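What follows is one structure encoded as structure tokens, with my remarks underneath.
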Amino acid sequence: MSEFNLEKQYQKYLKLVNLSESNMHPIQKKETKRAFMGACGQMLVLLRDELALLDEDKAVQVLQEMNNEVSNYFLSETNQLN
């Protein structure tokens, strides 16, 4: 299966966040996958419609900034649990 398969990426995400579909309530399973696929779809639109317009150096910078934003979000979420 290709790395560019969203189902494979979804399964990797579940492992990353320590979730197992077999242990999830059916509604949680449905809504988690819906949120993941929705986020992937929006990111694909962003990459196609906006990022593709940038020169390579700026595109790399923007991707790093978005990666930092995601990292900061999850760090903040983790800190709220403590």
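Values in this document were obtained by computation on a predicted structure and should not be read as measured data. The basis for the numbers below is simple: all heavy atoms, side chains too, and nothing from hydrogens, waters or symmetry mates.
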| About how many Å separate CG of D49 and CG of L44, when rounded to the nearest 0.5 Å? | 10.5 Å

| task | With rounding to the nearest 0.5 Å, note down the distance linking CZ in R34 to CE in M37. | result | 12.5 Å

| task | Measure the CG-OG distance between N72 and S76 for me, rounded to the nearest 0.5 Å. | result | 8.5 Å

| request: Kindly check if the number of other-residue, nucleotide or ligand heavy atoms within 6.0 Å of CD (E65) is above 12? | output: yes

| note | Here the pair of heavy atoms bringing K29 nearest to M24 is CA-CE, 3.5 Å

| field | Minimum heavy-atom distance between C40 and L6, given as atom pair plus value | value | SG-CD2, 4.0 Å

| said: Between L47 and M43, is there a side-chain heavy-atom distance shorter than 4.5 Å? | reply: yes

| Considering only heavy atoms from C-beta outward, does the side chain of Q64 approach that of N68 to under 4.5 Å? | yes

| message | Distance check, rounded to the nearest 0.5 Å: Y73 atom OH versus T78 atom OG1? | response | 9.5 Å

| said: side-chain contact (heavy atoms from CB on, under 4.5 Å), that's the test. Do Q9 and K12 meet it? Break it down for me. | reply: CA-CA 5 Å; Q9 293 302 314; K12 285 180 156 185; 3.9 Å; yes

| field | From CG (L63) to NZ (K58), nearest 0.5 Å | value | 11.0 Å

| query | In terms of side-chain heavy atoms, does D57 have a donor or acceptor partner in Q61 at a distance below 3.5 Å? | reply | no

| task | Measure the CZ-CG distance between R48 and L53 for me, rounded to the nearest 0.5 Å. | result | 11.0 Å

| Shared hydrophobic cluster, M66 / L54 (ILVMFWY, side-chain heavy atoms < 4.5 Å) | yes

| message | Please tell me whether F4 and F36 are part of a single hydrophobic cluster in this structure, the criterion being side-chain heavy atoms less than 4.5 Å apart. | response | no

| said: Counting C-beta onward and ignoring hydrogens, is there a side-chain heavy-atom pair between E7 and K33 closer than 4.5 Å? | reply: yes

| request: For the residue pair V62 and E50, establish whether any side-chain heavy-atom pair is separated by less than 4.5 Å. | output: no

